[in-house]
Amino acid sequence: MAAFDYSDAGLQIRPDIGAAHRNYWQTLARPGSWWTGSERVAIAQESRNALDCALCRRRRQALSPYGMAGEHDHDRALPEAAVDAVHRVVTDQGRITRRYVEDNVGRGLSKEAYVELVGVVVAVFSIDEFHRALGLPLEPLPAPLPGAISRYRPAHLREDIGFVPTVPPDGAVGPETDLWKGGRAANVIRALSLVPDALRDWRALAAVQYLSFEAMANYVKDADRAIDRMQMELVAGRVSAINECFY
Amino acid sequence: MLRVSAQTTGTEIDLNAVLGDAAGAAKGIALGPELMNFAESLARRDADALAHSRAALLAAGGPAVLVDAAGVAANFQRMVRIADSIGIPVDDLNAETGRAVRAALRLSEFPGARNSGL
């Protein structure tokens with residue numbers, strides 16, 4: 001059976017959702033900019049392991065998440081700094097600090113690798129959450145594909161927001177022309193732009209699970225959705241409030 | 001975005017819906033309480049509540065509504081992780097609409113507020 005075959009789910013899942021999920025699984029298996037296909041799939045597996053990790057549960061309750069010793073429940077397929085980063089992004093993202101990200105560079109986790117790691121984690125997590133929301137089993141992870149990483153880094157970067165360099169609003173040029181239009185981009189769109197493919201993956205999934213960049217300008221109702229914009233934003237707002245999302 | 005979409009359609013809503021107020025969710029938003037409960041049970045990772053709220057939303061709105069609500073909820077489970085993991089600040093901290101919403105919902109108490117200098 002093909003990955004993300006929703007035909008038996010009995011829920012009329014839109015075909016574009018299944019197609020986007022299948023496309024992402026293929027992307028996940030391929031070598032990225034800073035992680036191999038095997039490592040990317042291992043990052044995906046860690047994003048699932050994190051939800052049952054005993055250390056993460058204890059750390060979530062601790063006053064400070066940075067003083068607690070212990071070892072994550074993990075598959076030993078990734079460096080320790082990467083495992084810790086994956087688990088924090090999934091279970092305790094609100095307490096990630098600039099110092100943590102910068103200290104990780106000294107532990108072998110470059111900012112570029114960190115951004116790609118975040119991109120993989122959030123993409124897999126959102127697909128898994130879609131399944132959990134509908135009561136569907138998680139899709140088995142894809143078999144990794146061989147090949148070399150690209151080490152691609154955009155030519156135009158600036159350190160003006162967040163913990164990592166990002167493409168500036170007027171920097172979506174050359175190979176980055178497709179990232180956004182008009183020389184303007186919200187910070188959340190710029191966030192993953194140090195690894196442009198991570199932003200492209202994010203955008204493709206958001207376009208089917210939520211709205212495309214273009215459709216976000218419609219505050220009434222997208223013709224391809226069963227719920228109107230207020231209903232969508234109520235769901236978005238309640239999820240964000242529980243996650244204590246300031247942004 | 002909820003406030004902007006309500007203003008665009010001339011609908012009176014209660015922003016306390018975002019904080020889990022069922023009566024607020026019912027004001028001006030079709031299926032508001034069912035959508036709010038569904039979103040909440042997913043984000044809280046409460047399996048029993050999720051099964052209940054999923055069934056309630058399916059019964060009230062049908063499968064297409066449930067699927068699109070699941071997509072939005074799953075998408076925003078991701079957004080907070082992007083924002084906080086990268087530490088991005090809000091885009092225009094001093095815009096009046098944003099300030100009013102942050103004050104009404106007490107968002108400045110959230111840990112991520114420090115990334116915007118609050």
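Lettering follows sequence order; numbering is per chain, from 1. A quick note: this is a predicted structure, and the numbers were derived from the prediction, not measured.
Residues of residues 159-170 of chain A placed with any heavy atom under 4.5 Å of a heavy atom in chain B are listed by number as Ile161(A), Gly162(A), Phe163(A), Val164(A).
Contacts of Tyr114(A) with chain B are made by side-chain atoms alone, with heavy-atom separations under 4.5 Å and no backbone atom involved. Only the side chain of Thr9(B) comes within contact range of chain A, with at least one heavy atom under 4.5 Å from a heavy atom of that chain. Using a 4.5 Å cut-off between heavy atoms, Ile242(A) touches chain B through its side chain atoms alone. For Arg81(B), the parts lying near chain A are the backbone and the side chain together; criterion is any non-hydrogen pair under 4.5 Å. Only the side chain of Val118(A) comes within contact range of chain B, with heavy atoms under 4.5 Å apart. With a 4.5 angstrom heavy-atom cutoff, Ser53(B) does not touch chain A via any of its atoms. Within the 4.5 angstrom heavy-atom criterion, no atom of Leu57(B) approaches chain A. The contact between Leu50(B) and chain A is made entirely by side chain atoms (from C-beta outward), counting heavy-atom distances below 4.5 Å. Neither the backbone nor the side chain of Arg98(A) has a heavy atom closer than 4.5 Å to any heavy atom of chain B.
Between Leu117(A) and Glu46(A) the shortest side-chain heavy-atom distance does not fall below 4.5 Å. When side chains are defined from C-beta on, Phe125(A) counts as touching Val90(A), because their heavy atoms get closer than 4.5 Å. When side chains are defined from C-beta on, Val80(B) does not count as touching Ser240(A), because their heavy atoms never get closer than 4.5 Å. At a threshold of 4.5 Å between non-hydrogen side-chain atoms, the residues Met79(B) and Tyr210(A) do not count as touching.
When each of Arg225(A), Lys111(A), Arg132(A) is checked for heavy-atom pairs under 4.5 Å with chain B, Arg132(A) comes out on top. Annotation: maximal heavy-atom pairing with chain A below 4.5 Å, among Ile82(B), Leu58(B), Ile29(B), Ile13(B), occurs at Ile82(B). In terms of heavy-atom pairs under 4.5 angstrom with chain B, the leader among Val115(A), Ile13(A), Leu11(A), Leu134(A) is Leu134(A). When each of Ile17(A), Leu51(A), Ile127(A), Val208(A) is scored by its heavy-atom pairs under 4.5 Å with chain B, the top score falls to Leu51(A). Note: Tyr219(A) leads Tyr100(A), Tyr219(A), Phe130(A) in heavy-atom pairs under 4.5 Å with chain B.
Atom CG of Leu138(A) is separated from atom CZ of Arg48(A) by 4.5 Å, given to the nearest 0.5 angstrom. Taking OG1 of Thr91(A) as the start and CZ of Arg45(B) as the end, the distance is 10.5 Å to the nearest 0.5 Å.
Within a 6.0 Å radius of CZ in Arg184(A), other residues, nucleotides and ligands contribute 12 heavy atoms or fewer.
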Set out, in order, the CA-CA distance, both residues' side-chain angles and the distance that settles side chain to side chain contact (heavy atoms under 4.5 Å, CB included) for Lys221(A) and Gln231(A), then state yes or no.
CA-CA 9 Å; Lys221(A) 185 177 184 299; Gln231(A) 292 174 304; over 6 Å; no

Output a table of donor-acceptor pairs, distance under 3.5 Å, between side-chain atoms of residues 62-76 of chain B and any protein atom two or more places apart or on a different chain; print 'none' if there are none.
{"from": "Asp68(B)", "atom 1": "OD1", "to": "Arg14(A)", "atom 2": "NH1", "distance (Å)": "2.5"}
{"from": "Asp68(B)", "atom 1": "OD2", "to": "Ala226(A)", "atom 2": "N", "distance (Å)": "2.6"}
{"from": "Asn75(B)", "atom 1": "OD1", "to": "Arg78(B)", "atom 2": "NH2", "distance (Å)": "2.5"}

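Taking the ring centroids of Phe213(A) and Trp202(A), they lie under the 6.0 Å cut-off.
Between the side chain of Arg88(A) and the backbone N or O of Cys56(A), no donor-acceptor pair lies under 3.5 Å.
For residues 29-44 of chain B, the salt bridge (charged side-chain N to carboxylate O under 4.0 Å, His left out) pairs, not counting sequence neighbours, are Arg238(A)-Glu40(B), Glu40(B)-Arg44(B).
Listed by chain and number, the residues in a side-chain hydrogen bond (donor to acceptor under 3.5 Å, both in side chains) with Arg58(A) amount to none (sequence neighbours excluded).
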